[in-house]
Engineer: 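Before we start, here is the structure in question, set down as structure tokens.
A, B, ... follow the sequence lines: proteins, then strands. Residue 1 opens every chain. Every value quoted in this text rests on a predicted model; they were computed, and no experiment measured them.
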Amino acid sequence: MENETKTVVSNFIRNIIDEDLKSGKHENIVTRFPPEPNGYLHIGHAKSICLNFGLARDYQGKCHLRFDDTNPVKEDTEYVDSIMEDVRWLGWDWNENLFYASDYFDQLYNYAEILIKDGKAFVCELSMEELREYRGTLTVAGKNSPYRDRSVDENLDLFRRMRAGEFPDGSKSLRAKIDMGSPNLNMRDPVIYRIKKTDHHRTGDSWQIYPMYDYTHCISDAIEGITHSICTLEFEDHRPLYDWFLDQLPVPCHPRQIEFARLNLSYTVMSKRLLLDLVKNGYVKGWDDPRMPTIAGMRRRGFTPEAIREFADRIGVAKANSMVDFELLNFCVREDLNRKALRRMAVLDPIKLTITNYPEDTIEELDAENNPEDSAAGFRKISFSKNLYIEREDFMEEPMKGWFRMAPGKEVRLKHAYYVTCNEMIKDANGIVTELLCSYDPASRGGWSQDGRKIKGTMHWVCAETAVPLEARIYDQLFTIADLGAVEEGKSYLDYLNPDSLIINTRALGESSLRDASAGDKFQFLRLGYFSADNDYSPEKPVFNRISTLRDSWAKQQKKQ
RNA sequence: UGGGAUGUCGUCUAAUGGUAGGACAGCGGACUCUGGCUCCGUACGUGAGGGUUCAAAUCCUUCCAUCCCAGCCA
């Protein structure tokens, strides 16, 4: 990644960092990516990961990976493992800086006692419903809890007994004593500890009480010496609270929280809840379903880490809510794969093509270049015979204006092979063309001729004798509308699921070398798109996922008419 | 209707009082053994009104629009 030398575009966070470095506020910067291990990472997280780790890389600082694991009822090591795998796969390294908020439970507890001793926190016995009432509303101020004025000793005693497990879940909470009249609801004596008699995936049964996010996050940042704590916009309202805790406590430093707009991508959803829904209710086949915007899904689909990082760079960082066009992601994979993917030929909708003047029982070997963008990729052998298949849509009985693929009497080139001319069509009882009879020019071997005649149409094909049957999984957007935030009144996002988001094509045929791939190998199927060998791939049953199509200016031209 | 934020080409994003720039998407063309790639060209924008200034996307002001907040979730 070191050789990705490109000019970085400025953004408001870099500007802040530049100023902090210039003013001497900081000599080095430390950022962090703080996921809660309660779900799989998605492309929105990738934006945050690339931002935080990218900043650390560019400023020679550090980026910590910290699991924000303060709610044991939702969290699991399965998620911890997948998150670490995904961050690494994206190309980032936290080195020795792996942390868990649960590592700080003791310190967090001690700080809470300090708050109590300073008269800045109290044990409250309001039920959740009562608490809601006392909190007030957006427009009316809250009321003080009747338990707000307990003595320090009583608070300390109660809090210690909460920790010891003497009280049932929900019966008591520790609250900060701030201001029930604040127009910012987060400042209305927020809960900082709640009782949860649930085992934690790391601390087991040693705790009966768990700290809340607002309390934990700022202190964790301070303990780790984070300089810039970057989070999403919805935490903007929490910043006063973030600062309040750090101002009350003898913490080692006071990081600055900076908020940016989370990623929205057209035609998909980014909420963990909705994603979990899709998985649990079987609308997709798991977290790594290639239609999912999860890192795991995108990896399986065939997106590369390089493409995702490039995407993250290109979308930039700002504070305005926005919706990025999925096409940008397609652009990024194509750009990456165009350089790297080996070319292969496959036919998705085969129609038989017979070369009538080619000798029977002969199969010859031709050379085909593996990647015109990379001469080091070399050549491969492909076989050619009298019996071929071409793409049905590459033939048109009555060619339209501008058509330069196969048509009756028209000479075209079979890529890497010969010039052929279609002389005759065989049709079935319904008038559907079932076979094309062509003649070839033996002097055009390799796909060119000495007389230099111009052949505009070039087509992909496979040799019937050696072709391998493929399963091609053709993906489309999971949803039919670009903005899932704009679902109509009374409708659910499920009403917009695209019934054709996966089409399994088992008619496809590929050149024989496609039998020798392994899961994860990526190819450009000539003129069709980029494909990745799926996890289900085996030499006996080669399965490929379509990552994206190629740009298709012919299709575009057709659409306009 | 309280508080917090945000409005720049279709989309994303630069500009730090001094020529509104880039990318994707679009359009047109060149090239091409992929209607791919590449290259060239081109159109399109400061939410609205008022003010300050030689000069405003930027400062002031009044509107308007959108987003977030009433979990013992993060």
Engineer: Ignoring hydrogens and angles, answer whether the base of B:G35 and the side-chain atoms of A:Arg405 contain a donor-acceptor pair closer than 3.5 Å.
Structural biologist: yes
Engineer: Any salt bridge (charged side-chain N to carboxylate O under 4.0 Å, His left out) pairs touching residues 207-216 of chain A, not counting sequence neighbours?
Structural biologist: none
Engineer: Each nucleotide N or O in nucleotides 23-29 of chain B that has a protein N or O under 3.5 Å away: list the pair and distance.
Structural biologist:
residue	atom	partner	partner atom	Å
B:A23	O3'	A:Arg314	NH1	3.4
B:A23	O2'	A:Arg314	NH1	2.4
B:G26	OP1	A:Lys556	NZ	2.8
B:G26	OP2	A:Lys556	NZ	3.3
B:G28	OP1	A:Lys560	NZ	3.4
B:G28	OP2	A:Lys560	NZ	3.3

Engineer: Taking atom C1' in both B:U16 and B:C39, compute the distance separating them and give it to the nearest angstrom.
Structural biologist: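 Per the computed distance, 36 Å lies between those C1' atoms.
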Engineer: If the condition is side-chain hydrogen bond (donor to acceptor under 3.5 Å, both in side chains), which residues does A:Arg546 pass it with, not counting sequence neighbours?
Structural biologist: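 If we apply the side-chain hydrogen bond (donor to acceptor under 3.5 Å, both in side chains) test to A:Arg546, skipping adjacent residues, there are no hits.
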Engineer: Taking only residues two or more places apart in sequence or in another chain, which ones pass side-chain contact (heavy atoms from CB on, under 4.5 Å) with A:Ala482?
Structural biologist: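 Partners of A:Ala482 under the side-chain contact (heavy atoms from CB on, under 4.5 Å) test: A:Ser266, A:Tyr267.
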Engineer: Which atoms of nucleotides 6-9 of chain B (N or O only) lie under 3.5 Å from a protein N or O atom, and what are those distances?
Structural biologist:
none

Engineer: Going by side-chain hydrogen bond (donor to acceptor under 3.5 Å, both in side chains), name the residues that satisfy it together with A:Lys381, two or more places apart in sequence or in a different chain.
Structural biologist: A:Asp367
Engineer: Go through the structure and list residues passing side-chain hydrogen bond (donor to acceptor under 3.5 Å, both in side chains) with A:Asn38, not counting sequence neighbours.
Structural biologist: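 Partners of A:Asn38 under the side-chain hydrogen bond (donor to acceptor under 3.5 Å, both in side chains) test: A:Glu36, A:Lys272.
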Engineer: Toss me the dot-bracket line for RNA chain B: Watson-Crick and G-U wobble, both under 3.5 Å, 5' to 3', using | for pairs to another strand and [ ] for crossers.
Structural biologist: .((((((..((((....[..)))).(((((.......)))))....(((((..]....))))))))))).....
Engineer: For nucleotides 56-59 of chain B, which of its nitrogen or oxygen atoms have a protein nitrogen or oxygen under 3.5 Å away, and what is each distance?
Structural biologist:
none

Engineer: Any side-chain hydrogen bond (donor to acceptor under 3.5 Å, both in side chains) involving residues 170-188 of chain A? Give me the pairs, sequence neighbours left out, ordered by first then second residue.
Structural biologist: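 Every candidate side-chain hydrogen bond (donor to acceptor under 3.5 Å, both in side chains) pair involving residues 170-188 of chain A fails, so no pair, neighbours aside, qualifies.
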Engineer: Under the side-chain contact (heavy atoms from CB on, under 4.5 Å) test, which residues partner A:Met396, sequence neighbours left out?
Structural biologist: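 Partners of A:Met396 under the side-chain contact (heavy atoms from CB on, under 4.5 Å) test: A:Met400, A:Trp403.
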Engineer: Hey, is the side chain of A:Asn184 pairing donor to acceptor with the base of B:G4 inside 3.5 Å?
Structural biologist: no
Engineer: Of all of residues 367-376 of chain A, which get a heavy atom below 4.0 angstrom from RNA chain B, listed by number?
Structural biologist: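 Contacting residues: A:Pro372, A:Glu373.
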